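One structure below.
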Amino acid sequence: MSKVATRFAPSPTGALHIGGVRTALFNWLYSKNQKGTFHLRIEDTDKERSKEEHKIQIINSLKWMGIKHDGEEYIQSKMIGEHVKIAKKLLANGDAYKCYCSSEEIEEQKKRAKQKKIPYVYNRKWRNISDDQAPKDIKPVIRFKSKIEGTSIVKDLVQGNVEIENNTIEDFVILRNDETPTYNLSASVDDHNMEMTHIIRGDDHKINTFKQIQIYEALGWDIPQFAHIPLIHTIDGKKLSKRDNSSTLDDYKKIGILPESLRNYLLRLGWSYKDKEIFNLDDSIKLFNLEGIGKSPSKLDMSRILSMNEYYIKNIEENILYKKLKEYCEVYKDKIIEEKENTIKSSLIFLKNKAKTLEDIFNNSKYILNDEVTFDDNDKKLVNDEAKKIIHLFKEKISKLEVFDRENLEQIIKGLIELNNTNFKGIGQPLRIMLTGSKFGPGIYDIILSLGKKEVIRRLGNIR
RNA sequence: GGUCCCUUCGUCUAUCGGUUAGGACACAUGGUUUUCAUCCAUGAAAGAGGGGUUCGAUUCCCCUAGGGACCGCCA
């Protein structure tokens, strides 16, 4: 048995969405699990719609997810010559034929079929007409001579045996009248040339498999194994499309989702291993298999992505988390200035505990990042005269502090609570508002300590 | 319309003929707490429907219903 080789073959006609990313992930994981190789093929033969920007987006998306392909990117458009050659060979061998129907004629047939509500299948008109009867003014397409009788079975590694009546597969076009190959031909030839052993792809390609296998058979090639994974649906059960919100990786990146959480989430979407939920990279590679893939489509659930992200934010090493936060802020928010770096870094331990995303951490850090506190009018009202008096006392007490630590602060606050016959909220809330401009936020001691004595006194100076 | 596929808590799923149908997210309640959270505990929540096969079906088979994919000289 030859070494496992898988591939991901997107077409750069649009941004790669999360469903495609999952397909890539499954292919990559499977190949790594089997100690094989994983390849990237860019199917850019649709010149009209293929865009360089999409290709870049696809490559960057995979890179961000940590999905690395072995070898060079395989650019399909460079191989068109090969595809044409094979089409000609199929023609010469009698496995394909020239069809002289005009596109108008085909359109007409389709329209009629639709009106009569009968299924349209190309009528194989030119399958048995010899070439010398061909009209001179029409450039032919080449169609594959598809099986007419009997049934075909694909042993799908996910779907099981899939059986179909051969006559429902039409004589599909393999070479257009402009001499360019079509998808099923190109994909088959490339997969063969790239020596793919396993084709793991979306369910939407299932019917194509029957066409592609016939090409393999006609050429006497080894047929790879197929695994068709169910598609991802939106939360309301519809097919995920490029127009959907939150469908490209960038949609997740910009709210501060970590690639490892998305990877873990995507892995568990339509695949499972016992009751295990958290899979680090090593686990993923070690445990991934095709048997664990379910047969039914699954829905995208944002709250699960968020919760997975929360887990990774809390469990990832802080240095790494800081690095990620820094990069994130630089791209999507404001750059963290150098003099704030250490404060943020050392505050991460409590900042991250209130966060589901990097964006949350950024928001929680705002009181450190911005020296000027901005107040909400309603919040400001909470700092009444009584509170001002206490804050003033607090300020005086801490200015005299020699050791500015939690223990001493606790003593001071405890004392003030007693002295003023109030509770913790009576002093904690106005303090928090004065220092951060918000009623919510990290613990008050964390805020005070992270800001430092000088800055706390400065901010409390705003009191009037 | 034709072909193919799918169907367990709201969601992702476990179960490979015998379970009080398990876990996770979300949700609810309670506790801890210094606000918001975290954390901990508890709770509610599922085999689409109908037939078979079997001593016994969520599990195997059939039908119905619902959902999805494909039906391009796109990929």
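Worth saying up front: this structure is predicted, and the values here are computed from it rather than measured.
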Next on the checklist: Under the criterion side chain to side chain contact (heavy atoms under 4.5 Å, CB included), I'd like the reasoning laid out for Leu269(A) against Lys299(A): C-alpha separation, chi angles, the key distance, then a yes or no.
Outcome noted: CA-CA 8 Å; Leu269(A) 191 65; Lys299(A) 292 174 188 164; over 6 Å; no
Checklist entry - Which of parallel (below 30°), tilted (30 to 60°) and perpendicular (above 60°) describes Phe288(A) and Phe26(A)? => result tilted
Checklist entry - What nucleotide among A75(B), A37(B), A69(B) has an atom nearest to a side-chain atom of Lys354(A)? => result A37(B)
Item to check | Separation between the P atoms of U42(B) and G67(B), rounded to whole Å | outcome: 40 Å
Next on the checklist: Which nucleotide wins on minimum distance to the side chain of Ser303(A), given the candidates U11(B), A26(B), A37(B)?
Outcome noted: A26(B)
Checklist entry - Aromatic rings His192(A) and Tyr216(A): how do their planes relate, parallel, tilted or perpendicular, breaks at 30° and 60°? => result perpendicular
Checklist entry - Hey, does the side chain of Ser186(A) come within less than 4.0 Å of A75(B)'s phosphate (OP1/OP2), counting only N and O? => result no
Item to check | 5′-ward residue of the pair Ala355(A)/Asn177(A) relative to RNA chain B | outcome: Ala355(A)
Checklist entry - Across the strands shown, which category fits Ile164(A) at heavy-atom distances under 4.0 angstrom: base, sugar-phosphate, nothing? => result sugar-phosphate
Next on the checklist: If you only use heavy atoms from C-beta on, which nucleotide in A75(B), U34(B), G72(B) is closest to the side chain of Phe424(A)?
Outcome noted: U34(B)
Next on the checklist: Applying the Watson-Crick and G-U wobble criteria at under 3.5 Å, what pairs with A65(B)? Answer none if nothing qualifies.
Outcome noted: U7(B)
Item to check | Sole candidate of Ser77(A), Ser11(A), Ser50(A) that passes side chain to side chain donor-acceptor pair (under 3.5 Å) when paired with Asp44(A) | outcome: Ser77(A)
Next on the checklist: Base, sugar-phosphate or nothing for Glu310(A)? Non-hydrogen atoms, less than 4.0 Å.
Outcome noted: sugar-phosphate
Next on the checklist: OP1 or OP2 of C70(B) versus the side-chain N and O atoms of Lys206(A): is any pair under 4.0 Å?
Outcome noted: no
Item to check | Phosphate contact (G2(B) OP1 or OP2) by Thr168(A) side-chain N/O below 4.0 Å | outcome: no
Item to check | Whole angstrom value for the distance that separates C1' of G23(B) from NZ of Lys274(A) | outcome: 14 Å
Item to check | Presence of donor-acceptor pair under 3.5 Å, side chain of Asp204(A) and base of C70(B) | outcome: no
Next on the checklist: If the cut-off is 4.0 Å, is Lys110(A) near the phosphate of C73(B), judged by side-chain N/O to OP1 or OP2?
Outcome noted: yes
Item to check | Glu277(A) vs Arg49(A), nearer the 5' end of RNA chain B by closest nucleotide | outcome: Glu277(A)
Next on the checklist: Heavy atoms only, 4.0 Å cut-off, all strands: where does Pro230(A) land among base, sugar-phosphate and nothing?
Outcome noted: nothing
